[in-house]
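Have a look at the structure below, then the notes.
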2 protein chains.
Amino acid sequence: MGDEVQIFEDYLKKHALHLTGPRETVLRSIFGTHEHFTADELIAHLQRAGTPVSKATVYRTLSLLSECNLLIEHDFGQGKKYYEHASELQHHGHLYCSDCGRIAEFYDPRLNAMQEKLARQEGFEPVSFAVKIYGRCADCAAKQARRDSGAVS
Amino acid sequence: MGDEVQIFEDYLKKHALHLTGPRETVLRSIFGTHEHFTADELIAHLQRAGTPVSKATVYRTLSLLSECNLLIEHDFGQGKKYYEHASELQHHGHLYCSDCGRIAEFYDPRLNAMQEKLARQEGFEPVSFAVKIYGRCADCAAKQARRDSGAVS
DNA sequence: GTTGAGACTGAGACTGAGTCTCAATTTCAG
DNA sequence: CTGAAATTGAGACTCAGTCTCAGTCTCAAC
Ligand SMILES: [Zn+2]
Ligand SMILES: [Zn+2]
Ligand SMILES: [Zn+2]
Ligand SMILES: [Zn+2]
């Protein structure tokens, strides 16, 4: 998984920037574990790990990683951004449980082709796609069903 | 277009709420013109129109209108929400120009069917879909092309 | 027509994610 | 080494959106 380190370093060098300690700390933390995470979670995680990095630096590093396509940003309308590794399965869509915030994924190659075509039809030059489905995950649906049947109040 | 007034009034009555002056002002402003708008734009518009409504009330009314499905919220990752009339063509997707913020729309019934199916496959009970394509609109693409050819710096 | 419970309102305090500033520190090419 | 340029963290700041609360309005019941 040192792949990302190399890519990041190349990107930085190309822009006369340095791979410093804090940046590497952030990089390793991100590509060591997390799948879908928020800046806040990452900051807390670094704190707990005993390698704190300031909020400003974390945000700056997240921007850099997005710029060099190692990370992808997602917005589920919660007023904060989610990030995920860009490497994995490309262009998958997301399911977001409005009840518990759980995130699931799906993939269908036809979706991408359709989107590309639809964008061109409108004269747009597409750069990225985002398919999001909001609803209730299996657990929360079951919980809701139980609540509906019992406790008729 | 008094249709919306009726629906809103019914919804309010059902919840023991009242269709008050400020609420009606907001309602009429929204369904009189705007297509994709933000809370800020709406507040400014009401101000200019000489019928100011407080920020708090505007937000509260936007929530109510979303709850009764007269409005749909959209988030393009700009840290603020966009709203649009729910009545129009249902479930259309959006194209967002990352350069100028222009919003275009597209519609393909197959997209909805696919999403429904994919959600169920993951055990989700879908409530709403959001397909967003980010890229460059025709104008901005042309502008970019011009910039690239001329001014080689 | 009064009245009172409860809904409504606006002003402004507050929140929270994300950005910006700036002085002190670190990096690295020369 | 040295110094120009990049980097950092602390905390001030921004800005959309929410919350609070005292004063106001609504309406159904008298
Ligand atoms: Zn859930
Ligand atoms: Zn994902
Ligand atoms: Zn544009
Ligand atoms: Zn639309």
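Reminder, nothing fancy here: chain letters follow the sequence lines and each chain counts from 1. What's counted below: heavy atoms across the whole structure, side chains too, no hydrogens, waters or symmetry copies. All values derive from a computational prediction rather than experimental measurement.
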B:Asp139/B:Arg102 salt bridge by N-O under 4.0 Å criterion: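 Here B:Arg102 pairs with B:Asp139 in a salt bridge, since their nearest N and O are under 4.0 Å apart.
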B:Thr57 side-chain N/O to C:dG10 phosphate OP1/OP2 under 4.0 Å: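 True: B:Thr57 side-chain N/O within range (under 4.0 Å) of C:dG10 OP1/OP2.
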Just N and O in the side chain of A:Thr20: are any of them under 4.0 Å from OP1 or OP2 of D:dT8?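 True: A:Thr20 side-chain N/O within range (under 4.0 Å) of D:dT8 OP1/OP2.
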Same apolar cluster: B:Leu42 and B:Leu64, side chain cutoff 4.5 Å: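 B:Leu42 and B:Leu64: one cluster.
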Under 4.5 Å between side-chain heavy atoms, hopping through other hydrophobics if needed: is there a path connecting A:Phe106 to A:Ile72?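 A:Phe106 and A:Ile72: separate clusters.
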Rounded to whole Å, please give me the gap between [atom1] in [X] and [atom2] in [N].
X: B:Leu46; N: C:dG10; atom1: CG; atom2: C1'; result: 14 Å
X: B:His15; N: C:dC8; atom1: NE2; atom2: P; result: 12 Å
X: B:Leu17; N: D:dC25; atom1: CG; atom2: C1'; result: 14 Å
X: A:His74; N: C:dA17; atom1: NE2; atom2: P; result: 19 Å
X: A:Lys14; N: D:dA6; atom1: NZ; atom2: P; result: 18 Å
X: B:Glu24; N: C:dA7; atom1: CD; atom2: P; result: 21 Å
X: A:Lys13; N: D:dT7; atom1: NZ; atom2: C1'; result: 17 Å
X: B:Leu12; N: C:dG6; atom1: CG; atom2: P; result: 19 Å

Collect all protein-nucleotide pairs involving nucleotides 13-17 of chain D in which both atoms are nitrogen or oxygen and the distance is under 3.5 Å.
from	atom 1	to	atom 2	distance (Å)
D:dG17	OP1	B:Lys81	N	2.7
D:dG17	OP2	B:Tyr59	OH	2.8
D:dG17	O6	B:Lys55	NZ	3.0

DNA chain D: B:His18 or A:Arg23, which has the more 5' nearest nucleotide?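 Closer to the 5' end of DNA chain D: A:Arg23.
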Closest contact, heavy atoms only, B:His85 versus B:Ile30: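 Heavy atoms only, the tightest pair is NE2-O, 2.9 Å.
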Which residue pairs pass the salt bridge (charged side-chain N to carboxylate O under 4.0 Å, His left out) test when at least one of the two sits in residues 112-128 of chain A, sequence neighbours left out?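 For residues 112-128 of chain A: A:Glu116-A:Arg120, A:Glu125-B:Arg136.
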Each nucleotide of nucleotides 21-26 of chain C classed B (base within 4.0 Å of a protein heavy atom), S (only sugar-phosphate) or -, in 5' to 3' order, makes B-----
Which label fits A:His36 and A:His92: parallel for a plane angle under 30°, tilted from 30 to 60°, or perpendicular past 60°?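 It falls in the perpendicular class, over 60°.
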Aromatic ring pairing B:Tyr96/B:Phe76, orientation class (parallel under 30°, perpendicular over 60°, tilted between):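 The arrangement is parallel - the two ring planes meet at less than 30°.
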Roughly how far apart are A:Glu4 CD and A:Arg28 CZ, rounded to 0.5 Å?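 Result: 10.0 Å between the selected atoms.
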Any side-chain heavy-atom pair of B:Thr57 and B:Thr20 under 4.5 Å: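 With C-beta onward as the side chain, the pair stays apart.
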